[in-house]
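For reference, the structure discussed in these notes is given below.
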Amino acid sequence: MSLTPAEAQIALNDIEKTENRTAASQHGRTSAPYLIMWGIIWAIGYAVTAAAPHLSWMWATLIIGGIVGSVILSMLQARAMERQGNYGWRYFGSFGALAIFLAALMSIVRPLDYGQVSAIFPLVVGIFYSLIGIWTKGWRMLPLGLAIIGLTTFGYFVLPEQFLYWMAAVGGGGLILGGLWMRTA
Amino acid sequence: MTEQPDPLIHQPIRLKIMSALKALPERDLLEFVRLKTLSGATEGNLGAHISSLEQAGYIEVQKDFHHNRPRTRAKLTRAGRRAFEDYVAFLRGIIGET
């Protein structure tokens with residue numbers, strides 16, 4: 001059996017295409033439940049903050065709930081895949097690094113109003129998702145991250161009065177829809 | 001490097017099955033249903049190719065119940081991973097890559 005260079009190249013292209021498709025599909029299905037869970041947290045957090053600003057302390061509870069939920073999800077996924085390793089520490093590490101970064105950013109930039117604080121978090125999450133999309137072949141994360149950045153910026157400048165409701169509907173809803181889209185990967 | 005392509009891998013559907021399994025981390029398994037989508041094979045066709053690869057010791061098939069539904073999953077064995085890497089090296093050798 002002999003192969004020409006053209007036939008070998010076709011086979012190599014097929015391999016690369018299938019590997020990329022598998023990686024994207026795997027990544028999408030793994031990330032979907034996290035996106036849906038965080039979408040619900042965003043929607044509740046922003047809606048409550050908009051309707052009853054004195055309850056904004058609720059964010060701390062929601063974020064802690066989200067971190068615990070993420071760790072539980074990672075453990076369930078690891079068990080379902082029969083992986084030997086425990087990936088929970090990666091989530092603690094990722095969220096910890098993100099929290100430290102945001103605390104440092106806030107202390108340096110010192111946002112002036114609640115709208116600015118509310119805009120910075122989704123912008124950071126948006127760039128986080130975009131980078132995951134670029135580096136892990138989970139390409140669907142890239143448009144999702146860019147959409148979060150774009151919609152947050154749009155809402156901040158164009159709809160300042162309704163910004164928190166906008167973030168509840170578009171930010172939270174967008175993440176939930178993004179998660180459902182990821183499940184079809 | 002081998003002088004001939006491995007005939008078991010050098011078949012379009014089996015190549016896609018091996019490529020899909022190779023894309024996963026070492027111990028991860030891929031469900032039959034998703035393997036069917038990724039390889040573009042029909043159910044019967046996929047079953048036959050999976051049996052060939054399993055008999056050669058290239059993949060390991062696990063059957064169990066998940067949420068009260070039968071589930072079939074596959075993963076690459078160490079021998080399968082090595083055979084696939086040799087096959088890719090063979091192809092790269094032909095096009096002049098090392």
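Treat the numbers as computed from the prediction; the structure is a model and nothing was measured. In what follows, every chain begins at residue 1, and chains take the letters A, B, ... in the order their sequences are listed.
- In terms of heavy-atom pairs under 4.5 Å with chain A, the best-connected choice from B:L38, B:L21, B:V88 is B:L38.
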Show every donor-acceptor pair shorter than 3.5 Å between a side-chain atom in residues 150-159 of chain A and any protein atom, with sequence neighbours excluded, or say none if there are none.
{"unit_1": "A:T152", "atom_1": "OG1", "unit_2": "A:I148", "atom_2": "O", "d": "2.6"}
{"unit_1": "A:T153", "atom_1": "OG1", "unit_2": "A:I149", "atom_2": "O", "d": "2.7"}

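- Within the 4.5 angstrom heavy-atom criterion, atoms from both the backbone and the side chain of B:T37 approach chain A.
- In this structure, A:L144 is a member of the same hydrophobic cluster as A:V124, with clusters built from ILVMFWY side-chain heavy atoms closer than 4.5 Å.
- With sequence neighbours left out, the salt bridge (Lys or Arg N to Asp or Glu O under 4.0 Å) criterion links B:K36 to B:E43.
- Using a 4.5 Å cut-off between side-chain heavy atoms of Ile, Leu, Val, Met, Phe, Trp and Tyr, with links allowed through other members, B:V33 and B:I59 fall into different hydrophobic clusters.
- Contact check for B:Q4 versus B:H10: no side-chain heavy atoms found under the 4.5 Å cut-off.
- Distance alone, capped at 3.5 Å, is enough to place a donor-acceptor pair between the B:Q11 side chain and the B:R14 backbone.
- Counting only residues at least two apart or on different chains, the side-chain hydrogen bond (donor to acceptor under 3.5 Å, both in side chains) pairs with a member in residues 41-61 of chain A are A:T49-A:W59.
- Proximity to chain A is limited to the side chain of B:L15, based on heavy atoms less than 4.5 angstrom apart.
- Of residues 6-13 of chain A, those residues with a non-hydrogen atom less than 4.5 Å from any non-hydrogen atom of chain B are, in numerical order, A:A8, A:Q9, A:A11, A:L12.
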